[in-house]
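A quick write-up on the structure given underneath.
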Amino acid sequence: MSEDGRTVRIIQGNEATVEGAIAAGCRFFAGYPITPASEIAELMSRRLPRVGGTFLQMEDEIASINAVIGATWGGAKACTASSGPGISLMQEGVGYAAETETPCVIINVMRGGPSTGQPTLSSQQDVYQARYGGHGDFEIIALAPSSAQEAYDLTIKAFNLAEEFRVPVYVLSDEIVGHTRERVVMGGKLEVLERVAPSKDGYKPFAAGPDGLLRGMPAFNDGYRLLVEGQHHDERGIRAGDDIDKSATLVQRLNDKVRQNIDRIVDIERIDLDDAEVAIVCYGSTARPAMEAVQTARSKGIKAGALRLRAIWPFPDAVLSELADHTKTLIVPEMNIGKLVLEVQRTAGGRATVVGLPRLGGALHTPEEIESAIIDAVKGGKAQ
Amino acid sequence: MSEDGRTVRIIQGNEATVEGAIAAGCRFFAGYPITPASEIAELMSRRLPRVGGTFLQMEDEIASINAVIGATWGGAKACTASSGPGISLMQEGVGYAAETETPCVIINVMRGGPSTGQPTLSSQQDVYQARYGGHGDFEIIALAPSSAQEAYDLTIKAFNLAEEFRVPVYVLSDEIVGHTRERVVMGGKLEVLERVAPSKDGYKPFAAGPDGLLRGMPAFNDGYRLLVEGQHHDERGIRAGDDIDKSATLVQRLNDKVRQNIDRIVDIERIDLDDAEVAIVCYGSTARPAMEAVQTARSKGIKAGALRLRAIWPFPDAVLSELADHTKTLIVPEMNIGKLVLEVQRTAGGRATVVGLPRLGGALHTPEEIESAIIDAVKGGKAQ
Amino acid sequence: MNRIAEQYLRQETLPMIFCPGCGDGTVLGAFLRAVDEMKISDQLALVGGIGCSGWMPVYVNADAIHTLHGRAIPVGIGLKVTRPERKVVVFTGDGDAIGIGGNHFIHAARRNVDLTVVMINNSIYGMTGGQMAPTTPSGATTQTSPYGNPEQPFDACRLAEAAGATYVARWTAGHPRQLVKAFKEAIDHPGFAFIEVVTQCPVQAGRYIKGGMDAPEFLADIRKSVVPVAQAERMTPEELAGKTRIGLLHRSQRPELTQQLAAIRGGEKR
Amino acid sequence: MNRIAEQYLRQETLPMIFCPGCGDGTVLGAFLRAVDEMKISDQLALVGGIGCSGWMPVYVNADAIHTLHGRAIPVGIGLKVTRPERKVVVFTGDGDAIGIGGNHFIHAARRNVDLTVVMINNSIYGMTGGQMAPTTPSGATTQTSPYGNPEQPFDACRLAEAAGATYVARWTAGHPRQLVKAFKEAIDHPGFAFIEVVTQCPVQAGRYIKGGMDAPEFLADIRKSVVPVAQAERMTPEELAGKTRIGLLHRSQRPELTQQLAAIRGGEKR
Amino acid sequence: MRKEVRIAGFGGQGVILAGVILAQAAGAVEGREVAQTQSYGPEARGGAARCDVVISDQRILYPKVRRADVLLAMSGQALAKFGQGLDVVTGKVVVDSTLITEIPEGLPPLYRLPATRLAEEEFKNRIVANMVMLGALARVDDTVAFESLKRAVAENVAPKFRDLNLAAMDRGYQAVEGPGLDSAAGPGKGQRS
Amino acid sequence: MRKEVRIAGFGGQGVILAGVILAQAAGAVEGREVAQTQSYGPEARGGAARCDVVISDQRILYPKVRRADVLLAMSGQALAKFGQGLDVVTGKVVVDSTLITEIPEGLPPLYRLPATRLAEEEFKNRIVANMVMLGALARVDDTVAFESLKRAVAENVAPKFRDLNLAAMDRGYQAVEGPGLDSAAGPGKGQRS
Amino acid sequence: MRGSFKVLIDDKWCKGCGLCLAECPKEVLIWSGRRNAKGYNLPAEDPAKACTGCQLCELICPDQAIRVEGEPQ
Amino acid sequence: MRGSFKVLIDDKWCKGCGLCLAECPKEVLIWSGRRNAKGYNLPAEDPAKACTGCQLCELICPDQAIRVEGEPQ
Ligand SMILES: Cc1ncc(C[n+]2csc(CCOP(=O)(O)OP(=O)(O)O)c2C)c(N)n1
Ligand SMILES: Cc1ncc(C[n+]2csc(CCOP(=O)(O)OP(=O)(O)O)c2C)c(N)n1
Ligand code: SF4
Ligand code: SF4
Ligand code: SF4
Ligand code: SF4
Ligand code: SF4
Ligand code: SF4
Ligand SMILES: [Mg+2]
Ligand SMILES: [Mg+2]
């Protein structure tokens with residue numbers, strides 16, 4: 001441990017995620033083993049009891065997300081972790097968390113799908129599932145780490161955002177981030193949002209402030225006599241699923257509270273964008289060869305840059321739209337069939353050429369592969 | 001019954017769905033009750049045994065979709081039906097069906113969400129879930145009926161497409177379509193794709209033709225010695241999840257077989273589009289007030305038209321792109337926060353103004369509301 | 001409205017959605033009386049599943065969460081382990097508890113988590129309009145068994161015991177006083193306590209299974225079908241045929257989950 | 001390779017992914033012998049769950065489907081009811097069958113569907129690397145119970161019986177001849193037949209639970225821990241403590257689902 | 001011509017069945033386009049019930065009732081809730097005067113009959129009040145022909161209840177009173193041509 | 001400077017642990033950037049095992065090994081599979097000559113030591129062959145300092161196995177033979193400055 | 001344990017299910033002929049019968065609509 | 001039931017688990033000292049011992065790598 005209380009360790013992204021969660025105040029974890037996320041549960045089972053927390057291995061992922069919801073209303077910061085198949089099973093529970101404004105964190109260490117797919121190989125195929133997997137209209141927040149360090153940092157951030165926005169927040173890690181051992185600087189002065197108990201005075205648990213957000217987070221048996229309801233409800237939590245106006249108001253707010261406060265969420269790294277003609281839009285582990293490709297291209301005098309999204313949902317429409325205004329070509333490398341590239345296309349609105357660079361099968365793009373896409377773009381070789 | 005063997009009945013969309021399924025050869029249904037889809041299970045329980053089929057009420061929706069998968073490999077055309085919460089639970093199973101190229105039909109009678117949401121009121125909130133709800137990259141097909149008649153017609157079509165493409169096909173009905181009693185013409189000469197047993201000669205169950213599609217559909221215990229595998233696999237069905245090339249080949253094909261044959265799937269109704277300046281892009285029950293609004297607008301001399309999507313997935317990019325080229329404004333009314341409008345925006349690529357007309361709360365748009373959006377558009381009142 | 005209800009119901013949520021003559025209201029009344037006698041309304045964490053029965057907690061003026069269909073128990077576990085002194089009571093239907101939620105049910109029993117789980121057995125899916133449940137008698141007609149139920153029902157109490165529950169009782173909506181006592185015992189019991197309550201559902205089960213019985217007839221029918229455990233012991237198998245035993249069916253002691261977790265947190269090696 | 005394996009294994013799928021000394025291979029060998037004696041390889045519909053054990057069907061040269069984790073039983077039901085003469089055999093792990101898949105398991109038993117369900121009980125989640133299972137002994141250390149398992153295990157056979165299974169047997173990987181007989185009985189049994197096989201998992205359970213036992217030691221340890229039912233009847237509770245009964249534990253007759261469905265299709269009112 | 005009919009009252013009064021019969025009469029018997037919707041599901045239990053029928057000779061696009069042409073009200077709550085939306089000139093309201101005693105202001109022409117009392121007293125079966133109301137509808141408006149309603153009953157009601165229902169319908173046809181009706185109408189009036 | 005090391009052999013040989021120790025030596029002890037990856041999961045059981053370590057003084061972007069600078073091969077399969085990718089001039093291969101008898105053509109400079117035999121015979125424990133190989137790595141290449149590897153062992157191996165592992169590592173350092181090595185090297189050579 | 005008891009039926013909550021009528025061992029409760037705003041039949045005390053205050057009606061009433069008042073004498 | 005039996009061990013499939021050695025009641029099987037391509041130790045028949053043909057080794061071998069040949073005399 002260094003003087004400022006920081007320690008450096010060489011650990012896997014999955015372990016960094018666990019340390020980040022605990023540093024963020026997570027004191028409850030319920031999960032179910034699955035490759036390549038199991039280390040998160042395993043390390044939680046070791047660490048949590050030592051900090052006064054609780055680890056539960058549940059009978060399945062459905063029970064896990066629901067236990068997380070119970071624990072959150074019980075007063076704990078809580079999370080679960082899984083991969084594709086397990087995350088699919090959690091969709092109903094995630095929607096419940098969104099509906100009831102239950103802050104919680106879901107870590108998806110992505111592997112190749114669909115179905116059992118590729119248990120031991122990486123992918124970024126679940127980025128849309130995070131947003132659209134559940135039924136009904138609601139917004140979530142999703143962060144995508146590119147390294148073990150970010151697995152640590154963004155997990156802390158995920159817990160903070162969950163508390164601030166009272167939404168489920170995904171950490172969209174992947175097998176590569178999860179299983180690569182790297183240097184991680186931990187501890188020190190961290191920004192951690194502590195849970196604040198709301199005043200009981202005339203308290204309406206689901207009455208939002210002008211920004212659409214609920215203030216604080218109450219717990220059961222602290223005198224609130226809470227009513228938490230998964231049907232649409234009014235500000236007191238009383239069911240209103242057959243009331244068109246109240247239902248519309250609630251659902252609109254559940255979406256707007258994230259959309260309209262997107263500025264508090266957007267998290268991007270800009271690399272050499274000022275004069276870039278070609279920009280790589282990237283996230284997660286794919287961003288690593290992308291950034292290397294940009295370095296190499298620059299060293300060859302090519303005006304390339306990169307926009308790395310650390311927060312992918314809500315999608316930063318405005319940032320991309322602006323980028324499209326100033327860049328000729330946007331290249332979007334992804335370890336999937338081409339998904340966020342659709343968002344980039346939408347926001348670019350025809351004002352820049354958008355090139356998808358999808359990769360299936362589980363192997364990370366090589367920097368060379370991305371570099372050659374950059375060169376193609378500069379040559380005008382590929383078009384939308 | 002009329003001379004051509006056709007009968008007319010006044011029935012709910014849910015009943016029309018059941019009749020369509022049975023007409024299409026469905027002989028197995030497994031489901032679990034849920035409002036507003038329960039009538040489908042109830043009617044199946046009455047009808048199927050009478051045509052030699054099997055109805056099972058399972059312990060949950062997960063069991064339902066998996067029993068459907070088993071029954072399909074057992075030799076039956078099969079389907080299940082549910083609504084939001086149940087469909088969320090089926091996501092893993094739907095992905096398995098996609099991975100194993102198991103033809104099956106999933107009927108989602110949409111209600112308001114998220115979560116328990118609005119059990120008795122309608123929505124179109126699950127259109128993205130149909131496409132992106134499961135983990136991993138795969139394509140499904142989704143049809144959206146606007147009336148009881150179409151609930152019948154499109155259910156038949158759904159079964160046919162499932163057989164042709166060997167994919168799960170969604171019928172995205174909704175509470176309004178499902179519960180409105182209307183005239184339905186049934187029977188007569190129907191186009192039904194019968195299941196064809198492939199030749200056993202050198203048969204590789206997962207070897208596709210040049211169009212990416214598998215030929216025919218074998219059944220268990222018919223001498224094939226099949227191996228059906230949810231992990232990525234080769235043409236024989238042997239697991240290959242750790243083989244990057246074989247995995248990439250399979251996933252690419254699972255997507256391409258739908259994408260590249262989209263012309264066989266696209267199903268649209270064009271109303272007064274030839275000279276339209278404003279076009280309503282619509283689907284499902286929302287299309288009804290939309291079409292009425294177009295009629296009224298035309299009667300007032302406004303150059304309005306409508307493009308009604310009966311097949312919403314795969315999204316007909318080319319059709320919309322072309323429409324954007326010839327139309328000033330595209331208006332997209334939806335009973336959700338604004339979802340397919342994003343696809344329209346993407347495909348319009350800035351070449352037409354795209355206006356979302358979302359509606360939450362469970363009430364159908366009125367024709368007047370849509371008409372006034374048309375008038376606004378004509379006046380140039382609203383922009384993207 | 002009676003005194004207990006006035007004191008313990010969350011008035012702004014009324015009226016209750018239960019149909020006229022539904023047993024759920026009676027069971028809820030008995031629960032309120034137990035709460036009153038135990039003076040524990042501040043310590044309660046009530047959890048409801050989805051189904052008519054799952055609405056019961058919503059009407060009680062205590063901390064309550066109305067969860068997803070079948071998922072009340074895991075939510076209850078999350079509440080319990082985060083503050084073990086909480087009295088977590090789960091209200092659930094036969095479909096909710098042992099239909100879709102069956103896995104959580106048996107696992108909670110196995111872990112012997114200190115929950116009280118009240119299962120309303122109305123032999124049917126009430127809320128969704130009368131489809132068969134895993135408790136529907138064999139041969140009974142319902143909305144999804146028009147030709148008679150081809151399946152056989154669970155004995156929920158037997159299942160609970162085999163899975164590991166340490167307090168198992170069965171009563172009916174016609175035994176409100178016994179229910180008050182059972183609720184008190186179950187809440188005090190340090191482990192997984194299960195109470196099955198056989199209730200009349202005049203609107204769905206009454207219509208589809210019972211050929212249109214109204215609430216008083218239905219309740220009378222239920223009372224006829226049960227025998228107290230003590231009496232059952234003196235009866236021959238022939239006399240017992242078609243009868244359901246009621247009363248305290250099982251009580252035992254096994255390590256309880258939250259205590260085991262506390263030991264782990266305390267650094268004890270188990 | 002022995003004659004049976006040569007004849008019945010799907011050669012192109014080999015080698016099997018099982019670790020050296022894993023009991024799964026032995027159980028599979030016994031199954032192949034039963035298939036050989038019964039001459040039913042054409043009628044088989046094999047269903048595997050996800051887990052090491054779930055891979056067993058993949059290696060057999062018969063129609064086989066490798067399903068999702070926990071979902072083998074509903075897939076098996078779909079196969080069974082569409083052609084009732086099919087012999088559907090489900091291979092599943094303890095986690096697969098009574099962990100995530102517990103609900104399907106008890107409901108299939110309740111319905112008494114004519115399936116043969118073979119559950120490999122290795123007391124652990126093998127495939128995912130040694131996490132605790134619902135069968136892990138209380139106090140045992142695993143990758144997710146580093147301070148000792150705070151939970152108590154299921155008795156899968158007891159659960160099956162309470163849920164309604166009509167054939168229930170338990171053997172170990174050290175009883176291949178008895179397994180051959182049990183497979184034949186179970187496949188012939190017209191109803192839900194459950195066989196639990198206690199196996200050595202030297203790589204995960206061996207390492208984490210058993211302090212590093214190798215396969216022969218582990219198997220010897222398992223053999224020491226079991227007693228045949230007949231013998232158990234003659235033993236005192238003290239002698240039986242910590243022992244697991246093996247053999248045919250339960251056999252009964254109740255209406256079977258596919259037959260009930262056939263009756264309905266035939267227009268019979270049940 | 002598009003016609004919108006709303007039938008409303010309590011759950012348990014057979015409001016839905018009345019609407020279904022009406023839809024069958026117009027759609028199946030008369031071969032016209034119909035769209036029948038209703039307040040739905042367990043949520044409606046014990047509370048209000050509503051059934052809407054839109055009838056037209058053309059394809060019905062918007063399937064919902066915007067402003068009913070005729071309201072059959074079977075509870076005070078229903079009348080209070082739905083009465084106001086009607087066109088005071090062209091609209092019509094039929095009330096069950098057994099259950100509805102207070103009539104709010106501002107309603108269109110009002111027709112009354114003691115449907116529930118007639119059902120209870122003359123048919124010893126409260127549940128046929130809905131058919132009494134349907135009979136009245138045929139009399140006060142030409143939405144569908146009375147004969148079509150009768151055929152719809154014959155085709156959609158269990159045989160053992162058929163005659164009872166038909167008789168109740170007849171009784172409603174006769175008993176309804178209001179603006180422009182002969183006090184004792186014979187069948188034939190209100191027929192659709 | 002970016003350095004890529006690949007260690008490969010069978011499952012059960014401790015290939016992963018060797019890579020982890022190497023990563024700890026470079027990252028935790030020497031404070032450099034590292035990225036260690038491995039063939040993973042139950043799928044790898046009984047079959048091939050591989051562990052890759054990338055070491056650099058700058059932020060490591062691409063974390064995977066593209067073309068290893070050093071390959072430690074502990075099985076014939078591993079050598080056959082991974083040997084070909086190396087640069088024949090700058091690359092280095094260290095083989096466990098107990099297990100690898102056939103050496104394919106076209107490899108870069110080759111170093112050998114009978115790691116498994118030394119482990120079995122001298123340390124009575126086959127599993128320390130991985131440490132023997134790591135010791136050899138320190139000798140043939142300056143990827144990390146030998147001292148750093150030793151500290152990494154001290155910090156990451158359970159106390160009761162520590163000395164055994166350190167001794168095995170020393171033995172490998174001494175035993176390895178190949179181009180440009182003194183036959184009996186003392187510690188100190190191969191140190192990173 | 002006779003006394004002077006009064007059985008108060010709350011019009012607002014009663015759903016006219018009839019369980020109280022069936023439950024009362026003394027047949028104290030009868031249909032009043034009145035209906036509440038939702039149209040439910042309401043029970044009432046039969047003035048000719050004497051309530052024992054056993055509270056069985058109060059306990060069985062699903063809608064908590066009954067309050068038995070009075071003291072055993 | 002003595003006879004002339006031969007125990008064939010299939011190098012390709014054997015994983016060297018040792019179960020056959022432990023299982024043989026006659027201790028016929030011993031480690032051969034040979035390894036297969038995957039590095040697994042291979043068992044072999046001890047020429048000094050006589051196999052009874054009981055097939056216990058064949059039955060227990062998880063990898064179906066054993067074939068006991070021969071006829072009971
Ligand atoms: C995932 C999911 N599936 C189905 C439903 C629909 N649903 C609501 S309640 C219910 C069953 C109610 O039956 P039971 O649990 O027995 O409770 P009851 O109403 O009989 O008290 C069902 C199937 C749902 N809400 N969620
Ligand atoms: C939905 C889902 N959750 C988790 C997993 C990961 N997973 C694969 S196998 C397995 C458990 C294996 O244990 P068991 O069923 O006991 O089989 P074994 O490997 O021990 O034979 C798990 C949790 C998965 N594939 N799918
Ligand atoms: S449907 Fe049955 S269980 Fe539900 S409230 Fe009505 S009577 Fe009660
Ligand atoms: S992990 Fe255990 S159960 Fe799985 S194959 Fe290895 S030894 Fe067998
Ligand atoms: S039991 Fe209660 S609700 Fe039922 S009739 Fe009597 S007072 Fe009314
Ligand atoms: S208190 Fe007892 S006696 Fe009096 S009315 Fe109620 S049930 Fe009858
Ligand atoms: S039992 Fe089989 S796999 Fe094991 S050592 Fe013997 S022959 Fe080899
Ligand atoms: S057949 Fe029997 S005696 Fe012969 S080697 Fe095998 S186990 Fe030993
Ligand atoms: Mg029920
Ligand atoms: Mg297991």
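So that the names make sense, note that chain A is the first sequence line, chain B the second, and so on, each numbered from 1.
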Which atoms of Val20(E) are under 4.5 Å from chain B, going by heavy atoms: the side chain, the backbone, both sets, or neither?
side chain

Distance, nearest 0.5 Å, that separates [atom1] of [X] from [atom2] of [Y]:
X	Y	atom1	atom2	result
His365(B)	Tyr62(E)	NE2	OH	10.5 Å
Ile10(B)	Arg32(E)	CD1	CZ	11.5 Å
Gln24(E)	Arg183(B)	CD	CZ	11.0 Å
Leu22(E)	Arg181(B)	CG	CZ	12.0 Å
Arg288(B)	Ile60(E)	CZ	CD1	7.5 Å

Search all heavy atoms of Leu61(E) against all heavy atoms of Met291(B) and return the closest pair with its distance.
CD2-CE, 3.7 Å

Heavy-atom closest pair (Leu364(B) atom, Pro63(E) atom, distance to 0.1 Å) is CD2-CD, 3.7 Å

With chain B, the option among Val53(E), Val54(E), Thr37(E), Val34(E) that has the most non-hydrogen atom pairs under 4.5 Å is Val34(E)

Using salt bridge (charged side-chain N to carboxylate O under 4.0 Å, His left out), reason through Lys64(E) and Glu292(B) one step at a time and then give a plain yes or no.
CA-CA 12 Å; Lys64(E) 300 280 185 182; Glu292(B) 191 162 320; over 6 Å; no

If I measure from the heavy atoms of chain E, does Ile176(B) come under 4.5 Å with its side chain, its backbone, both, or neither?
side chain

Chain E heavy atoms under 4.5 Å from Ser146(B): which part of the residue, side chain, backbone, both or neither?
neither

So for atom CZ, which belongs to Arg112(E), do other residues, nucleotides or ligands contribute more than 12 heavy atoms lying within a distance under 6.0 Å?
no

Residue-level interface, residues 271-278 of chain B with chain E, non-hydrogen cut-off under 4.5 Å
none

